Amino acid sequence: MDTTIFLFLLQDGVINGAVYALVAIALVLVFAVTRVIFVPQGEFVAFAALTVAALENGVAPSTPWLLLALGILAAISDIVWHFRDLTWKRIVRIALLDLALPVALLLLTQALAPMKLGQLANILLAIALITPMGPMIYRIAFEPLAHSSVLVLLMAAFGVHFSLIGLGLVFFGPEGSGTTPLSSASFSLGDLVVTGQSVAVLVVTAVLLVLFALFFGRTLLGKALRACSSNRIGARLVGIPTSVAGQFSFAIAALLGAVSGILVGPLMTVFYDSGFLIGLKAFVAAIIGGLVSYPLTVIAALGVGFAEALFSFWASNFKEVLVFTLIIPVLAWRSIYAPYHEESE
Amino acid sequence: MKSLRSFAPPIVAAVLLIAPFTGWLPDYWVTLFNYIGISSLVAIGLVLLTGVGGMTSFGQSAFVGFGAYTTGVLTVHFGISPWLTLPAALLVTMAVAATVGAVTVRLSGHYLPLATIAWGIAFFYLFGNISWLGAHDGLPGIPALRVGSHQLIDPKEYFVVVWIAVVLAVIATQNLLNGRVGRAIRALRRSTRAAEAFGVNTAGAKLMVFVYAAMLAGLAGWLYAHFQRSVSPGPFGVVAGTEYLLMAVLGGAGRVYGAILGAAGITVLRDQLQNVLPWLFGHTGNFESIAYGAVLVLVLQTASNGLWPILFGPPPPPKPPTPRDGDQLPAKVLPAPGVRLLQVQDAKKTFGGLVAVNDVNFEVESSRIIGLIGPNGAGKSTTFNLITGALPLTSGAIAFEGHPLQAQTPQRAAALGLGRTFQHVEIVPDMSVIENVALGANLLGHAGVFRAMLKLDRAEEAKLFATAQRQLERVGLADVAMQPAGTLALGQLRLVEVARALCLNPILLLLDEPAAGLRVGEKKALAKLLREVRSEGVSVLLVEHDMDFVMSLADHLVVLDFGTKIAEGVPADIRKNPAVLEAYLGGVS
């Protein structure tokens, strides 16, 4: 391997790694606040990319229909679980957020899609469509299980993953699509051709990571979420509503997923089920970070991206085998030096 | 009722053998039942692994793959007879499971299921990329099973093969769970510490369960390969692995028959959804996965114990075999009274900067009751854990009957004759009281996995249960012997723990706050029992807060405060000791 190839692989790895980093910190956040190992995080990525792709073609994407379906399910789930203490406040909130919002977004999408408003509008619309899905999914699947063990929540996360994959096929169809790069510029650094898209990915990821750090370090809401993650019962005792914290963390996760999807759209052909592998690789990074440390997770994500690039150069058929085998020594190491103790039920 | 139960197995067997040939079942359903049977085998393994052993695996489908590919390669590439490949398939799965399991079962908490996802995916891609396994296209042309020159191609005939395998698996698994090793396995999920304190090698037991579950999956893979007559990587991925887990959870993760119910439910559901949903939506797709996910989430939200307990109620009480008259376990030869048993010399334990136990010295002689007392935080429980091997010493020495206990493990302590109870009760709530107590006699039995599976352990089991019954009678709980332990009150559970510790035939009985939560009458009965035990030659080391209880009972007291021994002597002297009074009541200035 000469320097050119190495640099090319490095670039490739860093770009993939940056996307994995965004997905991975979402996983860490969701786990920290709700203890859910959120397997379906990758679905947000795929759905966002497919939404942008449809909008670029001037076609109204099916995403708002999916959002409406989730909204109706969330409404039903909320009403069933809170049947005995149903307040007007809750009913109004359900009507507004679960039903009115998806319908409004549906009408907006139908109206805007044929106009081909351009990249920025497409991106913003995709983010607006994906982000509300996070809290809805939390309320449908995880809130009723909030007191269960990590394992039960993990199985439920797999259930949600299956359902979302199935729904993804129904709403987006089996065809894959790619999206236009955020920037078509490219320049050379020595032998290496750097594309504008790579730079865009890195800049967007870096900006989001800084915002993320500021949010958790400097704002009251961010600190409240951190409190929930370090001690749920304690947080509840000082008046932080854990349900709101859970919904909020899922909203951020969906938002990060949507941004990741917009970033990977131009890099690969995205199918309705492409998210799973992206999510799992991010997951490898999140585990290396112990599902707690954000900086370690970002470094690990870059490492996973780079390892993947190297493996695909050396033994492309066994790329996935090697990436996933990598995690086992890490798990063994974490298990010995940072054993996780399930809190008593 | 008894006669009905004893007739049930032959009736079930006859129905299984005849049913497919009666013509009532269309071939379509016979085929479906074959798939249900094959999945049941995997799900039974998962019941043992996840529901009973507490290890969640998303990767069982990989072991199905190893079974299927082993026979595929051997029959297609080497032309070996399918029946001969069965042991090969089982051996390969066993070898892989032992290797993967050696790392996996040591992982804690949610790291374990995550590892199963990781290697599940890795094996899936491995199957799909190795050229002599046919890569993504797989291996076609696997021969059918033969009896003589007759090929078992007809689903009706294969039905018999599959369901014989399922029935054998159910019987072997039930027998295993009801035996000595089974009780240890059932303690893995909720009471690992208790299992270790009675000599169970928990890491070994976990690995054994892991390999057993994998071999059932390997058997399923072998059956699948010869029914399908081809293998490709598709059915061995993590999605399939999750489906098997879903079957076990849906049926009732702790129940063997639940696995079959779950396998039937999921297989039929998938089949019907594949027929109905495309018709509803107008085009094909994997709509069934939507329903799967929904079912899984709904089951977890509303019936996390699965369907079997809802439909058929709690498990029946155990039927311990009755021993032949006079057939008892040999009694332990106890040391003569007054012999020095336990020597604690300069025992020290530090946690970081905190010195929990600071150079403590004391001795325990045989046929004595020693009380270890002190205010909260005095280091009593830590001392206790040092003696029983639950914590390693920082410095100093502990010897028992002359054996130095430097590298003490709970298992070794149990083997030396130290029987203990726990400050926070450690019992297996979904196991009956008598089985919990019989866990204490774990080291007195020798029957292993195979003897249990073949039910050759009955004579030994009878003796173990007789011992357990006798100890339960001594603590006054004989009337609740068959109840699930989880239904008892805290005070009763403490007595169950005492009975379990006595089952070990201990030389030294270590009791950690046995009287906490007991009513006055129960305390008196316990005191009487402990005196009786002492008169038999057993020593008792008692950590207790109830002063009346401990003062009236102990021959000798050791008082700790802030990790240091402040006094030692007979109860009457201790009552007057100024250092003790100060530690308990504050200085008299």
Side-chain angles (χ1 to χ4, degrees), chain A residues 31 35 37 39-40 73 77 81 140-142 144-145 148-167 169-170 173-174 273 276-277 280 283-284 287 291 315 317-332 334-336 338-342, chain B residues 50 54-56 58 100 103-104 106-131 135 190 238-239 241-243 245-246 249 253 273 277 281 283-302 304 424:
Chain A
F31 180 77
R35 294 179 305 141
I37 297 177
V39 182
L73 282 175
S77 162
W81 287 102
I140 297 168
F142 300 108
L145 292 171
S148 309
S149 66
V150 174
L151 290 179
V152 169
L153 290 168
L154 174 60
M155 278 192 264
F158 258 94
V160 172
H161 161 70
F162 284 145
S163 290
L164 280 181
I165 286 283
L167 289 169
L169 182 60
V170 172
D273 60 352
F276 187 45
L277 273 188
L280 280 177
F283 201 59
V284 175
I287 306 266
L291 285 168
N317 280 343
F318 295 96
K319 180 179 84 172
E320 321 286 6
V321 179
L322 292 168
V323 169
F324 287 107
T325 312
L326 202 68
I327 196 178
I328 292 179
V330 175
L331 285 170
R334 289 224 66 97
S335 203
I336 292 165
Y340 175 79
H341 298 291
E342 177 86 7
Chain B
T50 303
M55 293 171 278
T56 307
F58 289 87
V100 174
V103 179
T104 308
R106 283 169 198 278
L107 301 178
S108 54
H110 59 262
Y111 293 134
L112 195 155
L114 296 182
T116 67
I117 297 174
W119 51 250
I121 294 174
F123 282 135
F124 169 72
Y125 283 103
L126 202 62
F127 292 143
N129 283 298
I130 293 178
S131 55
R190 302 283 279 276
V238 160
V239 174
T242 315
E243 210 174 289
L245 188 61
L246 177 53
V249 172
L273 290 174
L277 286 180
F281 285 97
H283 56 104
T284 53
N286 64 344
F287 304 115
E288 68 272 16
S289 85
I290 304 174
Y292 272 1
V295 169
L296 180 52
V297 172
L298 278 177
V299 167
L300 291 172
Q301 286 182 350
T302 56
S304 55
H424 303 288

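Naming: A, B, ... by sequence-line order, numbering from 1 per chain. Remember, predicted model here, so these are calculated numbers, not experimental data.
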Side chain from CB out, backbone as N, CA, C, O: work out which of these in [X] comes under 4.5 Å of a heavy atom of chain A, or both, or neither.
X: B/F123; answer: neither
X: B/I117; answer: side chain
X: B/V239; answer: both

Return the option, out of [options], with the maximum number of heavy-atom pairs under 4.5 Å with chain A.
options: B/A122, B/G120, B/P113; value: B/A122
options: B/L296, B/L245, B/N129; value: B/N129
options: B/V103, B/T104, B/L114, B/T302; value: B/L114

Gap separating the [atom1] atom of [X] from the [atom2] atom of [Y], nearest 0.5 angstrom:
X: A/L167; Y: A/L73; atom1: CG; atom2: CG; result: 8.0 Å
X: A/I140; Y: B/L298; atom1: CD1; atom2: CG; result: 10.5 Å
X: A/F158; Y: A/I37; atom1: CZ; atom2: CD1; result: 9.5 Å

Query raised in the report: Which answer fits A/L164, side chain, backbone, both or neither, if we ask what part of it has an atom under 4.5 Å from a heavy atom of chain B?
Result: neither
Query - A/I287, part contacting chain B, at a heavy-atom distance under 4.5 Å - result: side chain
Requested in this report: Taking the side chain as every heavy atom from C-beta outward, state whether B/V297 and A/F142 have any pair of such atoms under 4.5 Å apart.
Outcome: no
Requested in this report: Any chance you could lay out the side-chain contact (heavy atoms from CB on, under 4.5 Å) test for A/F324 and A/L280, step after step, and finish with the verdict?
Outcome: CA-CA 9 Å; A/F324 287 107; A/L280 280 177; 3.6 Å; yes
Requested in this report: Can you see which heavy atom on A/A141 is nearest to which on B/Q301, and at what distance?
Outcome: O-NE2, 2.9 Å
**Report entry** chain B contacts, top residue of A/L154, A/T325, A/L153 (heavy-atom pairs, under 4.5 Å)
**Finding:** A/L154
Report summary line: Those residues at least two apart in sequence (or on a different chain) that pass side-chain hydrogen bond (donor to acceptor under 3.5 Å, both in side chains) with B/T56 are none
